[in-house]
Amino acid sequence: TEAEFMEKYGGHVARGGIFIATRATKPEGTQLSFEIILLDGSRLMRGEGVVQRVTVDEQPGRSGMLVRFTRIDARTRALLDQVLAAREGVAAPDTVAAQPTAAAPEPITTSFTPPPQPAPKRGPLALADDVVLGVDLGTTTPRAAVFLDGAARMVPIPSERGAAMPSIVAWDEGRGKLLVGGAAKLHRVEHPQSTLWGFKRLLGRRARSRKVKEIARRLPFKVEADPEGDAGIELGGRVFSIPELAAELLKVVKDAAQSMLGRELSRAVLCVPAWYSDHQRAALLDAGRLAGLEVLRVLNEPSAVALAFGHGRGLARKRVLVYDLGGGTFDASVVEITGDDLEVVSTGGDAFLGGVDFDERLAEALINTLPEAARLRVFDSAMIVERVRDASEVTKIALSDKEKAGLHVPFVTTDEADEPVDLKRDVARAYLEQLTADLVERTAQVTQVVLDAAKLTPQSLDEVLLVGGQSRAPAVRRRMEALLGRAARSDVDPQGAVALGAALLGQSLVMRERGKRGLTLSEVLSAPIGVAVKGGGVRRILERNTRLPAEKTLAVPVEAGKVVKVAVFQGAAARAEDNEYLGALHATCDRSGELGLRFAVSADGRLVLSATSPTGKSAEMTFTTADASDEVHAQLLAEAPLPGEADPQQKGLLTGLRRLFGR
Ligand code: ADP
Ligand code: MG
């Protein structure tokens, strides 16, 4: 309301201008127009101005820009008069006050209409900068939450037919436009080749990588290299990058949050699987940018779950296992909570294991019950397989609650006599469990590995949290409880926990910006980072499970004037080419000696490279993530130096700072 605005921000307003507290400042001299809208939709202030001064302060909440008004409308002028009258005798906070009503602003509107009655009170309102959107861009379903009125709350994301919005984007050839969510899912039934789903498996992966080739074989759509050399998808004769399409989903999520809040929102915490490489995190940041979001932090999904669970429970010290079996990915992590401090001590998973694999198993088994001719016809048509898979998912979900459930796909195909064939079966839970036992078993094995990696026994765990929709299957709970010898919690929302945790972290970041206490969070590196060495092997620079932020410097021998090339990879495989290719560094030095190559990984797992030349003078350095051709790639591997490790106490200038993801 107007009164709340005046109380909170009145001090920021002067006759000649306004101080806008933000970290997203515009350069001095920028001309802009502005509007301040109240929650009930009425306009409080409107005008135009110029950025007069930018303050960047280490102190939270102190950064911002001073905007000098050049034009304001009549209502704004009336409001300013009121504010200043109320503040009589109090010195204006900034130089703007000394500025006379800048060049006698011309009213933009001449008539002043009183605002409509304010909407019913909903507690104190924060400006958009105070609300951070927590996003779980799930493989199958995007979800979001915001911290509002003292608690993290889910954002309702609208979709057709009341179902949750699926993470699907499609190209509608006829209308020449992209479809998102429910509409894209409908489109997929008839046009699987022009519909992208399971994008999270492809996001930020190199198009040439073995993993991508492996998964592309199983997908009905065409995976093509985007201009960056990352996996993209060809739709309607054009290659779309995955971030571009993921941004479409993010926009829907952002819009949903804005309509829930009744105002604009620009900042977000985005979640990723813990195993995401630097390059994958960078790709998600790209998507965030394209959706108009300022991403404050990239948060590992298991950390978000632990955060959602631990928040407000006043847990002194707990060691929590987060088992997350979602639509397309599986993660297992051990997280330690100590009051406000949260630490991921071990993490692992399978990027290619999730609920869709369960659907596929059931679909395949049911199709195999058809007579030979019909069976072959079904397998021949991507469209029909898709229909059966959809139906199988519904049946699978029903079987989590019931011992028996039906599946009916009418007119699935025709037989030799061209007579229609229906696929109609009763499915028992035990049958589904038998078909998918090995999938559940694989998650148990991965969980065991994650525990072993941290030298933990099941007895040393305090809590077991099962999240992800597929963890609702009774067989999953049974298997995990048997493995761990304890009951899993039943009071976490398996499909909301990630987004809720992200919103809580977002709120905490806002608190810290304001100089208040907020929780801290440290994470570990989920996959090692290394450089290629002669013969195609890898020299590890930063080991898996290294506490973040972390840094290490590598001394690379250089000859004056000669180009040094270093290829950087992330992953645990012994051979460089079997890991995720992060990019290649090219550096030239003016003197022979050692180039100090510094690998720094930020708290959210993003790699920053910088180099110190032997003389401390600027080394010509470029870091490119663009896809190397096979020849260049081979050359890089062949020429790679056998580096030793440098003294971390390096001297000289850090030059050529380059963020890997700053494309
Ligand atoms: P993601 O985070 O990967 O988007 P979710 O955690 O939302 O995925 O889980 C989606 C998966 O969970 C889908 O494969 C869906 O079929 C499955 N699922 C949802 N509800 C149930 C249920 N009650 N029983 C079994 N599986 C379920
Ligand atoms: Mg998930």
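Indexing begins at 1, ligand by ligand and atom by atom, following the structure's order. The figures that follow rest on heavy atoms only: side chains count, while hydrogens, waters and symmetry mates do not.
With a 6.0 Å cutoff to the six-membered ring centre and a 45° limit on the axis angle, Arg238 counts as a cation-pi contact of Phe240.
Heavy atoms from both the backbone and the side chain of Gln470 come within less than 4.0 Å of ligand 1. Neither the backbone nor the side chain of Lys200 comes within 4.0 Å of ligand 1, counting heavy atoms alone.
Looking at Val510, Leu504, Leu505 one by one, the single match for side chain to side chain contact (heavy atoms under 4.5 Å, CB included) with Phe147 turns out to be Leu504.
Near Gly355, the atoms of ligand 1 lying under 4.0 angstrom from a non-hydrogen atom of the residue are 14 (O). Annotation for ligand 1: atoms under 4.0 Å from non-hydrogen atoms of Ser400 are 22 (C), 23 (N), 24 (N), 25 (C). Residue-ligand proximity, Gly468 to ligand 1, at heavy-atom distances under 4.0 Å covers atoms 6 (O). Close approach of ligand 1 to Gln495 is summarised as follows: ligand atoms under 4.0 Å from at least one heavy atom of the residue are 5 (P), 6 (O), 7 (O), 9 (O), 19 (C). Atoms of ligand 1 found under 4.0 Å from any heavy atom of Lys396 (numbered from 1 in listed order, with element): 14 (O), 15 (C), 16 (O), 17 (C), 26 (N). Taking every non-hydrogen atom of Arg143 and a distance limit under 4.0 Å, the qualifying atoms of ligand 1 come out as 7 (O).
For a threshold of 3.5 Å applied to N or O pairs, the pair formed by Thr139 and ligand 1 contains at least one separation below that value. Checked by distance only, ligand 1 and Gly327 come closer than 3.5 Å through their nitrogen or oxygen atoms.
Distance from atom 23 (N) of ligand 1 to its nearest protein heavy atom, with residue and atom name: Arg472 CD, 3.3 Å. When only non-hydrogen protein atoms are considered, atom 21 (C) of ligand 1 lies nearest to Gly469 O, 3.4 Å. Protein heavy atom closest to atom 15 (C) of ligand 1, with residue, atom name and distance, is Glu393 OE2, 3.2 Å.
In terms of heavy atoms, Asp462 sits closest to Arg486 at O-NH1, 3.5 Å.
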Under the side-chain hydrogen bond (donor to acceptor under 3.5 Å, both in side chains) criterion, do His187 and Asp172 qualify, and how do the steps go? CA-CA 8 Å; His187 180 91; Asp172 185 333; 4.9 Å; no
Given salt bridge (Lys or Arg N to Asp or Glu O under 4.0 Å), test Glu364 with Arg389 step by step and report yes or no. CA-CA 8 Å; Glu364 204 178 301; Arg389 204 164 32 208; over 6 Å; no
Can you list the steps and then say if Asp230 with His279 is a side-chain hydrogen bond (donor to acceptor under 3.5 Å, both in side chains)? CA-CA 10 Å; Asp230 284 354; His279 196 63; 2.9 Å; yes
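Remark: Tyr323 engages Phe330 in a ring pair (Phe, Tyr, Trp, His ring centres under 6.0 Å) (not counting sequence neighbours).
Salt bridge annotation for Arg489-Asp491: present, with a cationic side-chain nitrogen under 4.0 angstrom from a carboxylate oxygen.
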